[in-house]
Amino acid sequence: MIVLVGILVVVAGFATRRNPLLVVGAAGVVTGLLGGLSPMKVLDAFGTGFASSRSVTLFAVTLPVIGLLERHGLQEQARTLMNRLAKVSAGRVLALYLVIRQLGAALGLTGLGGPAQAVRPMIAPMAEAAAERRHGPLTERARERLRSFAASADTVGLFFGEDCFLAVGSILLITGFVNATYHTALEPVQLALWAIPTAVCATLVHGTRLLRLDNSLASLTSRPGDLPVAAEGRTGRVAEDSK
């Protein structure tokens with residue numbers, strides 16, 4: 001029972017808002033030492049775990065690449081592209097991304113999009129540019145609403161699309177558990193087929209919400225009490241110049 005002290009280390013670390021990586025690492029060291037492992041055995045366990053899950057650390061490579069792309073004008077190019085497409089609205093952009101994200105996840109391409117890889121550097125700026133062209137300068141509230149819907153399009157598309165893929169972890173976990181517990185012969189393809197109607201319903205429901213987003217943006221940008229972000233910045237500079 002003394003090895004469960006590691007759980008208390010995790011709880012205490014998260015409660016005091018410490019660095020999650022340091023908290024989990026410290027909990028692993030404490031658990032290993034209390035379990036009778038030598039310091040070298042604990043270090044060997046950390047090394048083995050790291051080597052067997054190297055894919056988890058891929059973010060250390062992708063994030064700098066995304067940062068360099070943004071620094072060299074990826075968001076500006078996305079906005080320029082949307083300014084050339086006169087009939088495309090913010091809701092249509094996000095609805096199209098929802099469909100693409102869900103189809104990609106259904107084919108096993110879960111890394112095709114993502115909040116850091118696609119939403120922040122491309123999808124959200126494209127939606128903002130389309131909304132600014134149609135409604136004028138956006139208020140901060142409208143801009144945050146657009147960004148939240150862009151993130152939701154990615155989340156809904158991935159969540160309901162990946163269950164349609166045969167080799168996704170959740171499908172394999174369910175089939176393995178059911179077959180081992182209830183001695184059945186459930187196949188992954190059966191669960192994947194039953195996930196398709198749910199994915200279609202999710203696309204229709206959330207796609208409708210995304211298409212109706214343009215109307216809500218119009219009401220947000222037309223409120224007299226909300227000063228657009230761009231206009232607010234100009235007003236502040238004018239006031240400073242007058243002083």
Side-chain angles (χ1 to χ4, degrees), residues 1-72 74 101-102 104-124 147 150-152 154-192 195:
M1 292 295 293
I2 194 173
V3 295
L4 297 180
V5 173
I7 299 178
L8 296 179
V9 174
V10 174
V11 174
F14 288 161
T16 55
R17 298 183 179 182
R18 303 296 180 182
N19 188 299
L21 182 60
L22 294 178
V23 171
V24 174
V29 172
V30 171
T31 303
L33 294 177
L34 293 178
L37 297 179
S38 65
M40 292 303 298
K41 288 287 186 180
V42 173
L43 184 61
D44 180 69
F46 272 102
T48 303
F50 178 81
S52 61
S53 58
R54 291 187 296 270
S55 60
V56 179
T57 60
L58 287 178
F59 73 93
V61 178
T62 59
L63 287 182
V65 173
I66 295 171
L68 287 174
L69 290 175
E70 289 191 13
R71 181 179 179 84
H72 291 281
L74 179 62
R101 181 64 163 145
Q102 193 170 76
L107 296 175
L109 303 176
T110 56
L112 184 63
Q117 303 93 320
V119 175
R120 185 183 184 277
M122 291 186 297
I123 303 302
R147 293 171 181 174
S152 70
D154 183 271
T155 303
V156 172
L158 174 63
F159 185 84
F160 290 97
E162 66 178 358
D163 287 340
C164 300
F165 184 59
L166 301 180
V168 72
S170 59
I171 296 295
L172 298 178
L173 177 63
I174 293 173
T175 53
F177 177 79
V178 171
N179 292 336
T181 305
Y182 301 103
H183 306 288
T184 60
L186 184 63
E187 296 294 334
V189 65
Q190 296 175 273
L191 290 179

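For reference, positions follow the sequence shown, starting with 1.
Here the closest non-hydrogen pair linking Ala27 and Val10 is CB-CG2, 3.4 Å. Pairing each heavy atom of Met122 with each of Gln117, the nearest pair is CE-O, 4.0 Å. Listed here is the closest heavy atom pair of Leu172 and Thr175: O-OG1, 3.0 Å. Shortest non-hydrogen contact noted between Gly113 and Ala118 is CA-CB, 4.0 Å. Smallest separation of non-hydrogen atoms from Ala192 and Leu166: CB-CD2, 3.5 Å. Nearest heavy atoms, Ala116 versus Pro121: O-CD, 3.4 Å.
Looking only at side-chain heavy atoms (C-beta outward), Ile123 and Asp154 stay at 4.5 Å or farther from each other. Counting only heavy atoms from C-beta outward, the side chains of Asp163 and Leu191 never approach each other to under 4.5 Å. Using a 4.5 Å heavy-atom threshold, the side chains of Leu33 and Val29 count as touching. Two residues are said to be in side-chain contact when any heavy atoms from C-beta on lie closer than 4.5 Å; Arg101 and Leu158 meet this criterion.
With hydrogens and angles disregarded, no donor-acceptor distance shorter than 3.5 Å links the side chain of Thr31 to the backbone of Gly28.
Atom CZ of Phe14 has more than 12 heavy atoms from other residues, nucleotides or ligands within 6.0 Å.
For the atom pair CG of Leu186 and CD1 of Ile174, the computed distance is 9.0 Å after rounding to the nearest 0.5 Å. To the nearest 0.5 Å, atom CZ of residue Phe165 and atom OG1 of residue Thr110 are 8.5 Å apart.
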